[in-house]
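Structure first, commentary second.
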Amino acid sequence: MEASFSSSSLMLVTQAVTILEKCKTISELRQIHAQMIKTNLVSNTFAASKLVSFCCLTGDLDHALSVFHRIQNPNPFIYFTLINCFTESSNPLESVYLYAHMLTCLEDWKGIEFSLPSVLKACGRLEAFEEGQQVHGQICKTRLLFDPFVANSVVRMYLEFGQVGFARRAFDKMPERDVISWNSLITGYLRAGEIELARELFDEMPERDLVSYNAMIDGYGKFGKCELAEEIFGMADHKDVKTWTSMISAYVRNHYPKKALDMFGEMLCLGVRPDAPALVSVLSAIADLGFVEEGKWIHAYISTKKLEMKTGFIGSALIDMYAKCGHIENAYHVFRSISHNRNVGDWNSMISGLAIHGLGTEALELFHDMEGLKIEPDEITFLGLLGACSHGGLVDEGRYCFKIMQEKYNIVPKVQHYGCIIDLLSRAGYLEDALGVLRNMPFEPDVLAWKAILSASMKHENVVIGENAALQAIELAPEDSSCYVLLSNIYAKTGRWDDVAKVRSRMKQRRVGKIPGCSSILVRGKVHVFVVGKAIDEKFTREVLSKLDDVVSRLKLEGYQPDLTQVLLDVEVEGKESLLSVHSEKMALAFGLTNTSHGAPIHIVKNLRVCRDCHSFMKLVSRVYNRRIVIRDQNRFHHFENGFCSCKDYW
DNA sequence: ATAGGGTTAG
């Protein structure tokens, strides 16, 4: 039949291919296919190959395969097209079959090397280690190993299996190594946490390109080695937006948000255009700092550059930034503006945002909408929801979320989810129930679980449970100062000053330092930072202390009595009082009162939890001075207005 | 056809 094709059928082939190229839908494709069968064009290798590629493009893989099996002399390229497609499909096994088929059917193996990276990738996706080794074996027996793409793909496959040792051996046996071989292995080591080995390779490699530096910076950042990341960053002569983003996110991850923000500024000065990942990481730094002005600038930048909010993380990063800067309405505004293209991350950011503002009911409503739209929640959604219930004191709702997460959505709770539910129950006063969950969960209780019980015991004045929880927490995290502080709080509260002293000396012995409380406030575009009794910029200290004196006297007229129960030291009442009155958030507030216009809201960010005395102090100030005060503490927001706090004194 | 950066989380 094929032999009888003449110049006129060649025209038919050309025609068919032209039509195929214009074809848009699967049904059109099927019509063309039918036509090709009628005219026997399917037996023409070229036309049929074209048909196969178009089927692949449209994702109709079954169809592609059935056409393929009728091709009389398939060439390596058509195998390559199919293998490539199947590797990325839900059925990567087919590409291994096709590979075997190819080896037996093709007489001339020229061109098969193009398929090998895909076949190796398919083995990786199938977690078929032995098959992968077999393919590797075949490669070693041929000249294929001299193809850099093939040899590098072998390394890549072993890394995907998590077999760094095998990858290293394949790397060592490569006849030639190019920069990609080195980079692959370096990233492999970094992902496996072998950062020293990665560095050795990095130092050893004959030539480096940009990717080598970027990979090292990112790898160091992910393992908490900011200084080393900085070293590599300094070594890189050329930097692109990924180099900068790697360094910025290293800072973000290791809680140096200010450095991250400065680095972003430097990048802009050098004329490097930020793309979506760069903006997302700087937004996360800004969220940490609570610098809403900077955040608004980024938001405007995104709008003018028309960067897509529907794909990727831009939407959720913006929502998170506004929520963490205390502007929950702006967060909601962004959330609404992307109503047509929301992904689960956008919902999660909004739910968690509502949670930290104590808006539990609103978070639950949002979840309800989400369910209505059939958007599949994930484990982070439930962390947000449980947190929302916890902050809002919604015990039954929290229990319900914990239940449906498992029963309706088949999500196996992680230790964090148990932590949330323990926090929820204990905070609401169900200390015994919380202990029950802690004892029965399929994990060893971690520090945070015990700390949840501990702080709830403080709140509900249960010394016995509290003391035990504190001891457990200290056992698990002897370096964490907050556990000692809470334990000594318990003793202080019951007047057990000897025990307070013991805790303090144990802290000294173990060289555990108490993290100093620290509050910051943004005034006229500049951030001012305060610690107990002083301003970091010392020239403000006197002014602030004297203002604070005035405020305290005025509040006392309104019935303010300092709550001394939370001061740890065994000192005279007067000493306690003076210590309490200069807590960092009070300092920041006093500064805010004098330096912002009357009636303007005051935003403060604090690194620790706000203490009970500061809390009642802020409530009174909000009424007496008629100011809205927004404080973000370690865990959540407090909105003070007209004598009340949004947390309803439940925090 | 093989190598590099991003969100939400007790």
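Within every chain, numbering begins at 1; the chains are lettered A, B, ... in the order of the sequence lines, protein sequences first and strands thereafter. Everything quoted here is computed from the prediction, not taken from an experiment.
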key: Side-chain donor or acceptor of A/S212 paired with backbone N/O of A/R208 under 3.5 Å   = no
request  = Consider the side chain of A/S349, meaning its heavy atoms from C-beta on, and name the nucleotide among B/dT8, B/dA3, B/dG10 that approaches it most closely.
outcome  = B/dT8
request  = Would you indicate which nucleotide in B/dA1, B/dG5, B/dT8 comes nearest to any side-chain atom of A/S352?
outcome  = B/dT8
inquiry  = Counting only side-chain heavy atoms from C-beta out, which of B/dG10, B/dG6, B/dT8 sits nearest to A/S284?
reply    = B/dT8
No-H, no-angle donor-acceptor pair, A/S281 side chain to B/dG6 base, under 3.5 Å = no
message = Using a distance-only criterion (donor-acceptor N/O pair, under 3.5 Å, no hydrogens), is the base of B/dT2 paired with the side chain of A/S153?
response = no
inquiry  = Can you say whether a donor on the side chain of A/D446 sits under 3.5 Å from an acceptor on the base of B/dG10, or the other way round?
reply    = yes
task = Output yes when at least one side-chain N/O atom of A/K121 is less than 4.0 Å from OP1 or OP2 of B/dT2, else no.
result = yes
Report, one line per pair, each donor and acceptor closer than 3.5 Å where one atom sits in a side chain of residues 142-150 of chain A; sequence neighbours left out.
residue	atom	partner	partner atom	Å
A/T142	OG1	A/I139	O	3.0
A/T142	OG1	A/L144	N	3.1
A/D147	OD1	A/F149	N	2.8
A/D147	OD1	A/V150	N	3.3

message = Taking the minimum atom-to-atom distance to the side chain of A/K242, which one of B/dT8, B/dA1, B/dG5 wins?
response = B/dG5
query = So what does A/R427 touch, heavy atoms closer than 4.0 Å: a base, only the sugar-phosphate, or nothing?
reply = nothing
query = Any N or O donor-acceptor pair linking the side chain of A/D275 to the base of B/dG5 at under 3.5 Å?
reply = yes
query = Just checking A/L185: base, sugar-phosphate only, or nothing, at a heavy-atom cut-off of under 4.0 Å?
reply = nothing
task = Scan A/A151 against the nucleic acid and name what it touches under 4.0 Å (heavy atoms): base, sugar-phosphate only, or nothing.
result = nothing
ask   = What is the distance, rounded to the nearest whole Å, between atom CD1 of A/I139 and atom P of B/dT2?
value = 14 Å
inquiry  = Looking only at the side chain of A/I180 (C-beta and beyond, no hydrogens), which of the listed nucleotides B/dT2, B/dG10, B/dG6 gets closest?
reply    = B/dT2
task = Verify whether the ring centers belonging to A/F80 and A/Y99 lie closer than 6.0 Å.
result = no
remark   = A/L145 atom CG is separated from B/dT2 atom P, nearest whole Å, by 18 Å
message = With side chain to side chain contact (heavy atoms under 4.5 Å, CB included) as the test, pick out the partner of A/C389 among A/V395, A/L364, A/D423.
response = A/L364
